[in-house]
Amino acid sequence: MSPLHSASSTEPRTVDQDAQPRIVRTVAGVREELRSARAAGLSVGLVPTMGALHDGHLSLIEAARQRCDVVVVSVFVNPTQFDEQADLLAYPRNEERDAALARQAGADVLFIPAASEIYRTGFSSTVEVHGLTDRLEGAVRGKGHFRGVSTVVCKLLNIVSPDIAYFGRKDAQQAAVIRRMVADLDIQTQIETMPTVREPDGLAMSSRNARLAPAERERALALHAGLRAAERLAAEGERCCARLIEEAERTMASYAVRPEYVALVEPDSFEDLERLDAAGLLLIAARVGQTRLIDNLALWATNRSPLH
Ligand code: AMP
């Protein structure tokens, strides 16, 4: 079985150690690496990640491979977007494994900068998207989280100048913030968002899942179960968002998981919806033990099949 198609990210992966993309650690190195591609008029795709690659990341790299001539994957555990030092320190890192998996999924260049390369001495600029960042992840994790995300993604887009950059819908609010930033700042990169890749039992793949103890891994199903319960109720014709949210919360409680938030929002503005009259995005965040997880699902007022 190819590593991309292993049934579960918890299974050991076969990693072909010979398949290594070119690893570049400096901004100048990336630009040098892409110079001839640009001169030849080749298209460039970028997949920004924090490493600890799983099938969710690899689906983004595969999508970039299909459309772009050159695929750059960045691996950077961005310190400025972490609201908890313990979370930053515990974040899994495995460069060799990431390099082999990225190569097998189709990456040509792996950009792995040190924090000092991204935040050089005297660094004092930030990029901030207002409004959209006030609530949900922005409210729970603090203003600095999305400021850190938008600043680093803006830098990566400036460093690589990709034609297309790929993001996952699992981090739906992040993707919306980046779309807003790119539109507001006239950044010439097309933003593509890709469906959430899940474990066979529905748990959204995440680098943080590895931290779940076996009993917590069971309880982590609360997020997906909550989303699906609300989806079922919507399919039966329930349009009241408060009731749909309540259904998700009740289902999560049966897994002994209390959400940090459950919200049903308009998918572009992230404003709360009162009634599900068209498309809505149901978002959940919860802590399972020490591990913070997020997930979301597109809901429809009609019987259209869900986006992901
Ligand atoms: P991260 O390394 O967690 O910062 O994620 C890097 C990119 O991968 C982001 O655009 C995420 O939204 C995306 N991503 C993370 N998990 C998944 C998943 N399960 N399915 C699809 N994309 C994902």
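For ligands, and for the atoms within them, numbers begin at 1 and follow the listed sequence. Start at 1 with the first residue, then count along the sequence.
- Residue Phe167 has at least one heavy-atom neighbour below 4.0 Å for each of these atoms of ligand 1: 10 (O).
- Contacts between His54 and ligand 1 below 4.0 angstrom, taking non-hydrogen atoms only, involve the side chain exclusively.
- For the residues Leu58, Val197, Val47, Thr193, the heavy atom positioned nearest atom 20 (N) of ligand 1 is part of Val197.
- A donor-acceptor contact shorter than 3.5 Å links the side chain of Thr151 to the backbone of Val127.
- Taking every heavy atom of Thr49 and a limit of under 4.0 angstrom, the matching atoms of ligand 1 come to 2 (O), 6 (C).
- Remark: minimum distance from atom 22 (N) of ligand 1 to any protein heavy atom is reached at Gly168 CA, 3.6 Å.
- At least one N/O-N/O distance between His57 and ligand 1 falls below 3.5 Å.
- A donor-acceptor pair is defined here as one N or O able to donate and one able to accept, closer than 3.5 Å; no such pair exists between the side chain of Glu249 and the backbone of Pro259.
- Distance CD/Glu117 to CD1/Ile112: 13.0 Å, rounded to 0.5 Å.
- Glu266 pairs by the salt bridge (Lys or Arg N to Asp or Glu O under 4.0 Å) definition with nothing, not counting sequence neighbours.
- Applying the 4.0 Å criterion to heavy atoms of Met205 picks out, from ligand 1, the atoms 16 (N), 17 (C), 18 (C), 19 (N).
- Of the polar atoms of Ala204, none of the N or O atoms is found under 3.5 Å from an N or O of ligand 1, judged by distance alone.
- In terms of polar-atom proximity, Leu60 is not counted as a contact of ligand 1, lacking any N or O under 3.5 Å from an N or O of the ligand.
- Polar contact with ligand 1: absent for Pro48 (N/O pair, distance under 3.5 Å).
- Looking at ligand 1, you'll find an N or O of Asp171 within less than 3.5 Å of one of its N or O atoms.
- Only the side chain of Lys170 comes within 4.0 Å of ligand 1, judged by heavy-atom distances.
- Relative ring orientation between Phe82 and Tyr91 is described as perpendicular, the plane-to-plane angle rising above 60° on a 0-90° scale split at 30° and 60°.
- The salt bridge (charged side-chain N to carboxylate O under 4.0 Å, His left out) contacts involving residues 279-288 comprise Glu84-Arg287, Glu260-Arg287, where partners must be two or more places apart or lie in separate chains.
- For Asp69 (side chain) and Ser43 (main-chain N/O), a donor-acceptor pair under 3.5 Å exists by modelled atom type.
- For ligand 1, the polar-atom distance check finds no N/O of Met194 at less than 3.5 Å from any of the ligand's N/O atoms.
- At the top of the distance list for atom 4 (O) of ligand 1, counting protein heavy atoms only, stands Met50 CG, 3.5 Å.
- Only the backbone of Pro195 comes within 4.0 Å of ligand 1, counting heavy atoms alone; no side-chain atom from C-beta on gets that close.
- Residue Arg258 places its CZ atom among 12 or fewer non-hydrogen atoms of other residues, nucleotides or ligands, all under 6.0 Å distant.
- The main-chain N or O of Ile118 is found under 3.5 Å from a side-chain atom of Lys155 such that the two form a donor-acceptor pair.
- Remark: the backbone N or O of Lys170 is paired with a side-chain donor or acceptor of Thr196 at under 3.5 angstrom.
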